[in-house]
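Take a look at the structure set out below.
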Amino acid sequence: MRIIDFFDQGVRYYTDKVAIVDNNSRHTYAEADRQVHRIAAAIHGNGFGKGTRIGVYSPNSNAAWLALLALMRAEGVWLPINPRNNAATNIDLGSRFGMDMLFYDSCFNEQVQEIQAAVPGIREFVCIEGAGSVGRGLAEFTGGHGDYHQTGPQQAGELAAIFPTGGTTGKSKGVLMNHEALETFAANYYAHFSYREDSVNLVVAPMTHAAGIMGCLHFMRGGKNVVVKNVDPLSIMQDIQTHRVTHLFLPPTLMYMMLAHPDVGKYDYSSLQHFVVGAAPPSLEKLKEAVAVFGRCMSEAYGQVEAPAAITLKAPWDYLDERGNINEQRLKSIGRPACFNQVKILDKDESEVPRGEPGEICVKGRLVTLGYLDNPVATAESFRNGWLWTGDIGIMDNNGYINIVDRRKDMIISGGFNIYPNEVEQVLMEHHAVQEAAVIGIPSEKWGEAVKGIIQLRPGRQVSEHELIALAKEKLGSVKAPKSIDFIEEFPKSAAGKVLKTELRKPYWQGRERAVN
């Protein structure tokens with residue numbers, strides 16, 4: 001099955017139910033289907049056949065959903081364009097990924113003009129909402145091309161999307177994702193989580209990442225996607241209560257902001273069934289706090305662009321015993337391998353390590369990318385003997401639950417000892433004044449690298465450098481404890497909400513030939 005097949009299930013069985021709603025409009029499955037067919041017919045009618053690479057450049061909106069579903073019905077290849085990207089990034093992606101066509105929102109008129117001037121290979125620009133600066137409006141584009149488009153049969157290995165990697169260490173690579181991978185993603189979620197006809201999914205994180213694919217899961221059972229453009233903790237909490245939201249996906253940083261908000265206790269979260277956290281390992285203390293505040297709905301998804309958000313999964317029943325008590329070791333984990341994957345913890349010699357020992361998390365199965373676009377070297381580096389090597393260091397227990405120790409590249413070597421920043425961050429975030437923490441290695445004549453803590457405080461809270469270092473020493477010992485701590489107003493974040501440690505390291509390593517000692 002394909003994403004468009006998920007939607008067609010909803011159209012077939014839940015015709016009059018609301019499929020998508022935003023601040024401007026709402027569409028039942030039947031209403032959305034009519035518009036999706038018209039746009040898909042226009043894509044083909046304007047000369048764009050199967051395999052056309054089509055970008056969608058828009059904030060979260062109903063219009064973006066319709067464009068995405070239409071390009072899938074037209075058998076195009078989705079090129080997700082994160083609305084937080086700058087024009088230079090989008091110019092690079094459009095050029096290297098071979099974009100043929102771009103749907104865009106008029107709020108990006110200026111950036112789209114730059115893209116048009118720099119990427120002559122894009123043959124069609126269509127403004128899906130508002131008055132566009134380039135190309136045609138949606139009404140003009142769809143005029144005269146009919147109201148129906150017949151999607152052809154699915155071919156084995158057929159490309160569904162090219163997802164850009166984070167690009168935190170250089171230019172984004174193009175991850176080739178076929179329909180079987182997205183079907184496996186869906187199968188894993190349906191096997192591990194709960195989806196019913198009354199589901200209400202709040203689409204907060206950018207649709208261009210996991211939030212978009214997660215939203216598609218609700219179509220199969222006639223669920224509703226409530227789509228929001230503007231992201232702030234207060235509006236998320238209000239929307240959960242107003243719309244009786246059952247499903248929500250956020251990166252940990254947004255969850256931390258909600259927990260730190262002074263009004264977090266004023267709203268009703270009882271409708272939540274799955275508050276899914278992903279994109280980075282969350283703090284155990286913050287997860288425990290979230291369970292207390294939002295209820296026993298906290299869930300977790302671990303993956304990466306190459307194996308999207310479903311390598312391991314954790315539902316509430318995975319960490320709650322028969323009496324409803326929390327098993328902290330399981331809550332701290334990223335869950336167990338999802339049902340339709342093979343996952344192993346391997347050492348550098350490609351041998352599986354004993355349970356309880358650290359190694360690299362590796363995954364195999366239909367969830368995994370076909371490789372990187374036009375980049376056989378990077379593909380060979382990430383794949384060995386059929387396994388995707390994630391770059392994450394993890395420990396699996398006897399029941400299959402995995403704890404991430406850290407990213408392989410983030411490991412600090414101080415005085416000859418290997419120190420995993422995530423372990424130190426977890427301890428720092430136990431302090432009630434800390435909203436978010438990051439740990440990096442900085443140059444040291446004595447140690448080679450010294451452990452540096454960087455802290456963002458909760459609004460109105462204070463804590464001293466000495467107090468945090470003492471806490472870390474008490475819990476971890478002097479070797480792993482930070483030698484110093486800096487306080488920061490706000491962390492630099494990627495478009496997916498991840499803390500950019502490369503940016504945090506820059507001031508400390510400036511002027512050196514390499515960012516390691």
Side-chain angles (χ1 to χ4, degrees), residues 251-262 264 277 280-293 298 300 319 326-334 358 393-395 403-407 410-444 446-493 498-501 504-505 507-508:
T253 51
L254 264 175
M255 182 189 76
Y256 299 159
M257 291 168 67
M258 292 169 68
L259 292 172
H261 197 281
V264 68
V277 183
S283 154
L284 173 62
E285 290 304 311
K286 295 293 190 289
L287 274 177
K288 288 161 62 177
E289 185 180 351
V291 172
V293 171
M298 299 309 300
E300 193 164 350
Y319 59 83
I326 292 174
N327 180 321
E328 287 195 7
Q329 280 302 110
R330 291 187 176 183
L331 181 63
K332 180 182 177 182
S333 78
I334 56 171
I393 305 301
I395 297 172
N403 279 308
I404 288 186
V405 180
D406 223 309
R407 290 289 293 169
D410 287 339
M411 187 177 70
I412 300 166
I413 302 177
S414 182
F417 291 95
N418 293 344
I419 298 169
Y420 294 107
N422 182 58
E423 182 182 15
V424 187
E425 291 161 0
Q426 291 278 342
V427 170
L428 294 174
M429 291 184 67
E430 292 179 12
H431 197 283
H432 61 85
V434 174
Q435 178 169 312
E436 195 159 4
V439 169
I440 60 172
I442 64 171
S444 169
K446 181 177 182 180
W447 306 107
E449 289 182 275
V451 180
K452 162 74 76 174
I454 302 175
I455 300 294
Q456 181 179 344
L457 294 173
R458 289 189 174 198
R461 302 287 184 89
Q462 294 294 322
V463 63
S464 69
E465 176 186 31
H466 173 76
E467 188 176 348
L468 289 175
I469 292 174
L471 172 66
K473 282 184 177 179
E474 177 188 349
K475 296 291 184 77
L476 300 172
S478 59
V479 172
K480 295 180 180 180
K483 300 294 186 287
S484 60
I485 286 178
D486 289 346
F487 295 89
I488 192 171
E489 288 293 323
E490 188 175 355
F491 280 106
K493 302 264 177 66
K498 295 183 180 181
V499 173
L500 294 173
K501 289 191 175 181
L504 294 177
R505 292 187 187 100
Y508 304 100

Taking atom NZ of Lys483 and atom OG of Ser414, what is their separation to the nearest 0.5 Å?
5.0 Å
Can you tell which of Ile454, Val424, Asn422 makes a side-chain contact (heavy atoms from CB on, under 4.5 Å) with Val439?
Val424
Rounding to 0.5 Å, atoms CG (Leu287) and CG (Leu259) come to a distance of 9.0 Å
Check this for me, if you would: do Glu289 and Lys286 make a salt bridge, where the nitrogen-to-carboxylate-oxygen distance has to be below 4.0 angstrom?
no
Contact check, side chains of Ile442 and Ile440, non-hydrogen atoms, under 4.5 Å
yes
List the atom of Pro421, the atom of Ile419, and the distance in Å for their closest heavy-atom pair.
CD-O, 3.4 Å
Nearest 0.5 Å please: distance from the CG atom of Leu476 over to the CG atom of Leu428.
8.0 Å
How far apart are the closest heavy atoms of Pro358 and Ile395, and which atoms are they?
CA-CG1, 3.7 Å
Okay, side chain of Tyr319, backbone of Ser333: is any donor-acceptor separation there less than 3.5 Å?
no
Distance, nearest 0.5 Å, that separates CD1 of Ile326 from NZ of Lys332
15.0 Å
From Leu284 atom CG to Glu430 atom CD, the distance as rounded to the nearest 0.5 Å:
7.5 Å
Indicate the atoms forming the closest heavy-atom contact of Pro282 with Gln426, along with that distance.
O-NE2, 2.9 Å
Under a 3.5 Å distance rule, please check whether Glu436 uses its side chain to pair with a backbone N or O of Thr253 as donor and acceptor.
no
State the CG-CD1 distance between Leu468 and Ile455, to the nearest 0.5 angstrom.
5.5 Å
Leu504 to Ala438 - nearest heavy-atom pair and separation
CD1-CB, 3.7 Å
Determine whether the side chains of Ser478 and Lys473 contain a donor N or O and an acceptor N or O closer than 3.5 Å.
no
Is any side-chain heavy atom of Val277 closer than 4.5 Å to one of Met298?
yes
Salt-bridge contact Arg461-Glu467 (side-chain N to carboxylate O under 4.0 Å):
no
Would a 4.5 Å heavy-atom cut-off, applied to side chains only, mark Tyr256 and Met429 as touching?
yes
Could you check whether Lys501 pairs with Glu425 (Lys NZ or Arg NE/NH1/NH2 to Asp/Glu carboxylate O, under 4.0 Å)?
yes
Do you know which two heavy atoms are closest between Val451 and Lys480, and how far apart they sit?
CG1-O, 3.9 Å
Are side-chain heavy atoms of Ser444 and Glu449 found at a separation under 4.5 Å?
no
Backbone of Ile485 reached by a side-chain donor or acceptor of Glu465 within 3.5 Å:
yes
